[in-house]
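Numbers here simply count residues along the sequence, with the first being 1. Note that the structure is predicted; figures quoted are calculated from it, not measured.
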Amino acid sequence: MKQSSTTARTRGRKLNKTAAAQHRTGGRQAASGENSNPRANAGSASGSSSTNSHSSRTNSHSSAGQNTANGVAREHSHSFKGQSHLEKFFLAQLKDIYYAEKKIIQSLPKMQEASTTEQLKDAFEDHLHQTERHVKRLEKVFQTLGQKAEGEKCEAIEGIAREVDNIIEETEEGTLTRDAALIIAAQKVEHYEIATYGGLVQLAITMQLHDAADLLDKTLVEEEDTDALLTEIAENEINLRAEHEGGQEGQEEEDENEEDEDKE
Ligand code: FE
Ligand code: FE
């Protein structure tokens, strides 16, 4: 998970074929100072014809959370009131994922300590640091919306966290089977995050919350990247070696029994 952000973004782009990816392309260009407009890109995917109305916002789009050069305050932070049904839902989902990210910060050290291979330990450690940044990024999203950052209990992440505890309890320490199981649990977390961030990016684009969309999309790319890395570790290292665990002891016992029978 130590790839450069460019690699991560490139990979994320390959993975995501939705309108979010189109938004992302715009977001990247904005981040690198190029002229861009994510809404315009997203519009082409969603059939929107409002491209022109957004092009005037290009400058404000690339200066998250600040006033624009000509002193005009960012439009969206004033337009988001948290009052409409969709705004309320958006805010509730933000609180859900904020809670989830914080819960993941509690779970990852446990997962790191429980894993067998250094490779998986490193991956969990890297993702812990990344997750801490996801929390900070969400706080920025709340800030751009003029809302207080707060979590709301996420039952889904609580459930997966319990699953992690069960895996640690039910698998043997020092086995590759434990790592294979921990990877699957970690990927369940990533997929939950990907679903949530993916949906939030789409909603932010719809509501023209450009800064929020950019911030959420950065995290979405990192979650996708983590998911891909976990698949890579499982396929290249862990699963094949885990396949033969446990069977050998049984085989040895069988061999011993056969030997005993031969002696009789
Ligand atoms: Fe995260
Ligand atoms: Fe994650």
Quick one: are Lys88 and Leu91 in side-chain contact, heavy atoms under 4.5 Å? no
Output the distance between atom CG (Asp126) and atom CD (Gln112), rounded to the nearest 0.5 Å. 9.0 Å
Can you name the side-chain contact (heavy atoms from CB on, under 4.5 Å) partners of Glu118, sequence neighbours left out? Lys121, Asp122
Pair listing, ring-ring contact (aromatic ring centres under 6.0 Å, His included) test, anchored in residues 153-175, at least two apart: none
Donor-acceptor pair, distance only, cut-off 3.5 Å: does the side chain of Glu193 make one with the backbone of Glu223? no
N/O donor to acceptor pairs below 3.5 angstrom from side-chain atoms of residues 153-168, sequence neighbours left out:
{"from": "Glu158", "atom 1": "OE2", "to": "Tyr99", "atom 2": "OH", "distance (Å)": "2.4"}
{"from": "Glu163", "atom 1": "OE2", "to": "Lys188", "atom 2": "NZ", "distance (Å)": "2.4"}
{"from": "Asp165", "atom 1": "OD1", "to": "Lys110", "atom 2": "NZ", "distance (Å)": "3.0"}

With sequence neighbours excluded, tell me which residues meet side-chain hydrogen bond (donor to acceptor under 3.5 Å, both in side chains) with Thr171. Arg178
What's the separation between atom CG in Leu200 and atom CG in Asp217, rounded to the nearest 0.5 Å? 11.5 Å
To the nearest 0.5 Å, atom CD of Glu190 lies from atom CG of Asp225 at 10.0 Å
From Phe124 CZ over to Ile183 CD1, what is the distance, rounded to the nearest 0.5 angstrom? 6.5 Å
Value rounded to 0.5 Å, distance of NZ in Lys103 from OG1 in Thr131: 14.0 Å
List for me each residue that meets side-chain contact (heavy atoms from CB on, under 4.5 Å) alongside Glu169, sequence neighbours excluded, and say none if there are none. none
Could you tell me which residues satisfy side-chain contact (heavy atoms from CB on, under 4.5 Å) with Ser84, sequence neighbours excluded, listed by chain and number? Leu86, Glu87
Kindly work out whether a path of hydrophobic side-chain contacts (I/L/V/M/F/W/Y, heavy atoms less than 4.5 Å apart) joins Leu94 to Phe89. yes
Minimal heavy-atom distance between Thr144 and Val141, with the atoms involved, is OG1-O, 2.8 Å
Hey, could you give me each pair passing ring-ring contact (aromatic ring centres under 6.0 Å, His included) that has a residue in residues 137-160? Not counting sequence neighbours. Tyr98-Phe142
Could you tell me if Ser79 and Gln208 have a donor-acceptor pair between their side chains, going purely by distance under 3.5 Å? no
With Asp227, which residues qualify under side-chain hydrogen bond (donor to acceptor under 3.5 Å, both in side chains), at least two apart? Gln187, His191
Residues at least two apart in sequence or cross-chain that pass salt bridge (Lys or Arg N to Asp or Glu O under 4.0 Å) with Arg241, listed by chain then number, are Glu237
Nearest atoms (heavy-atom pairs only) where Leu229 meets Ala123: CD2-CB, 4.4 Å
Identify the two heavy atoms, one from His244 and one from Leu240, that lie closest to each other, and give their separation to 0.1 Å. CD2-O, 3.6 Å
All salt bridge (Lys or Arg N to Asp or Glu O under 4.0 Å) counterparts of Lys95, not counting sequence neighbours: Glu150
Carefully, step by step, assess Thr177 and Glu172 under the rule side-chain contact (heavy atoms from CB on, under 4.5 Å). CA-CA 8 Å; Thr177 301; Glu172 257 178 73; over 6 Å; no
Please report the shortest heavy-atom distance between Glu224 and Ile194, naming the atom on each side. CA-CD1, 3.9 Å
For Glu101, check side-chain hydrogen bond (donor to acceptor under 3.5 Å, both in side chains) against everything at least two apart and list the hits. His134, Tyr197
Residue pair Thr117 / Asp179, side-chain donor-acceptor N/O under 3.5 Å: yes
For Glu132, give me all partners under side-chain contact (heavy atoms from CB on, under 4.5 Å), at least two apart in sequence or on another chain. Ile105, Leu128, His129
Quick one, Leu216 with Leu138, criterion side-chain contact (heavy atoms from CB on, under 4.5 Å). Give me CA distance, side-chain angles, the key distance, then yes/no. CA-CA 8 Å; Leu216 294 165; Leu138 280 171; 3.9 Å; yes
Here the gap from Asn239 atom CG to Leu176 atom CG, rounded to the nearest 0.5 Å, amounts to 9.0 Å
